[in-house]
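As a basis for the values below, the full set of heavy atoms in this structure was taken, side chains included, without hydrogen atoms, waters or symmetry mates. Just so it is clear, the model here is predicted, and its values are computed rather than measured. To find a chain, count down the sequence lines: A is the first, B the second, and so on, and within it residues start at 1.
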There are 2 protein chains.
Amino acid sequence: MSSENPKRTLFARFAETAKALGHGRRLEILELLAQGERSVEALAERVGLSIANASQHLRLMHRTGLLASRRDGKRILYRLNDPSVLELTAALHRVAERNVAEVREVIRGYFHERDALEPVSRKELSQRLRDGLVTVLDVRPEDEYAAGHVPKAINIPLRELTRRLRQIPKNREVVAYCRGPYCVLAFEAVAILRGRGFKVRRLEDGYPEWKAAGLPTD
Amino acid sequence: MSSENPKRTLFARFAETAKALGHGRRLEILELLAQGERSVEALAERVGLSIANASQHLRLMHRTGLLASRRDGKRILYRLNDPSVLELTAALHRVAERNVAEVREVIRGYFHERDALEPVSRKELSQRLRDGLVTVLDVRPEDEYAAGHVPKAINIPLRELTRRLRQIPKNREVVAYCRGPYCVLAFEAVAILRGRGFKVRRLEDGYPEWKAAGLPTD
DNA sequence: CAATCATTCAACGTAATTATTGAATGATAC
DNA sequence: GTATCATTCAATAATTACGTTGAATGATTG
């Protein structure tokens, strides 16, 4: 298969890896796997794919270097192969945000309008955490919280938020986060909680970026 | 076209940009454009595509945010849209180098065997340039040299190298470079010159990375 | 203003990608 | 050792991507 021209061979392999990123649902799977490893069935359910179809996508990303997998009992758990995969998706996001008109519009029109106040930077949050001045709220589903979260964060999945308001202190500042820059859970949590009088802001990006920055996790 | 779900819309656009990277010849075009802007015809000739086919690839990369273009006389010159595009291709290379077995093999087997000695880092070269202790040799084609090069570098395209050996001083150290980490021109130049008794090493990566690092250019 | 020329478009056949379906693995668990 | 279950494979049909050909565009140049 490998041509006599080594550069052609390399670029053909690079192209295969890039192609593996070239599908919206696969990018959603990568966002989920950035939270932690997951089974085929769990990914299929959360992304809205049939199990066979999800398995196809996963094996393709496995072949091209994006994912690794291991067996745990009867399930097979997939995970991001390497921190460099997270850097690659981040670089892709940056290019599109800067250079694709529709992306800029959606981000301005949808994500920014929902967060008039400045998001909290990772650095600021990690300082305030040390001082114990802030409540951190993780609004991802329980299993993602269980796979790792910001220290001392409390987990209230967005769907349960209105039912569990009493668990959130009203007198302290709250910082909510979820999966990453394009995850809407934290945006919606901020909107809901502000409507009920809470003092709440959103963390920039999400848990994978927190972890990738080398900050402590539980 | 944009769905009611903003995240799906975003990820669909991200996927289109990723797909634009998913073709070996397009990656070669991006490597050439990292040297500087070029016309459709020049790119087609150098990559070995028909003009119509090259135009298709270029327009696709333009649509998806990778390229920009401008008119100059009767030609249209394409260029990388943004430094973030270079970061994206670099991130792609990193993922494949770390996680794709065949890529690791080709790099070890072909690129490393040809350069037993350590390559010169950008920092080291820029220091030695200040001291005037080193001759820098640019072995890319003339037009790429003309679009920008390392300060004081002399340009001898690889094909002319054996004919123009007398232009290279024998008593000083020579550092050769070309387009980037997968460009074989500098490797071959080092091999040829060492065979003739020159004291020559290779610069890490190539001109685009030198420029992207903020180092001076002519 | 007509001719030129680089680039783009349109149409075509071929190949690759995608989602679905149902069967086949193959390791676990009883 | 057999049944179970999550995952993968194989085959299909629909869609999309690819390269070639030849015509069209459209700005420049004389």
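Here C:dT21 presents its P atom at 13 Å from CD1 of A:I51, a figure rounded to the nearest Å. Summarising the geometry, the separation between CG on B:L58 and P on D:dC18 is reported as 13 Å, rounded to the nearest angstrom. Atom pair B:R38:CZ and C:dT7:C1' shows a separation of 17 Å (rounding to whole Å applied).
The side chain of B:S55 places no N or O atom within less than 4.0 Å of a non-bridging phosphate oxygen (OP1 or OP2) of C:dT7. Between A:R25 and C:dA19, a side-chain N or O to OP1/OP2 separation shorter than 4.0 Å is absent. Regarding contacts with the backbone of D:dT7, every side-chain N or O of A:H62 stays at 4.0 angstrom or more from both OP1 and OP2. Taking side-chain N and O atoms only, A:H57 has no distance below 4.0 Å to OP1 or OP2 of C:dT17.
Toward the 5′ end of DNA chain D lies the nearest nucleotide of A:Q56, the other residue of the pair A:K19 and A:Q56 mapping further downstream. Mapped onto DNA chain C by nearest heavy atom, B:A52 and A:G22 fall at different nucleotides, with B:A52 at the one closer to the 5' end.
Ion pairing between a basic and an acidic side chain is recognised when a charged N comes within 4.0 Å of a carboxylate O; A:E16 and A:R13 show such pairing.
Aromatic rings from B:Y207 and B:H149 are positioned such that their centres are separated by 6.0 Å or more.
The closest donor-acceptor contact from the side chain of B:N99 to the backbone of A:L66 lies at 3.5 Å or more, if one exists at all. Between the side chain of B:R70 and the backbone N or O of B:I76, no donor-acceptor pair lies under 3.5 Å.
Scanning residues 63-81 of chain A for heavy-atom distances under 4.0 Å to DNA chain D yields A:K74, A:R75, A:I76, A:Y78.
With respect to B:R179, the side chain to side chain donor-acceptor pair (under 3.5 Å) criterion is satisfied by exactly one of B:E28, B:E144, B:Q35: B:E144.
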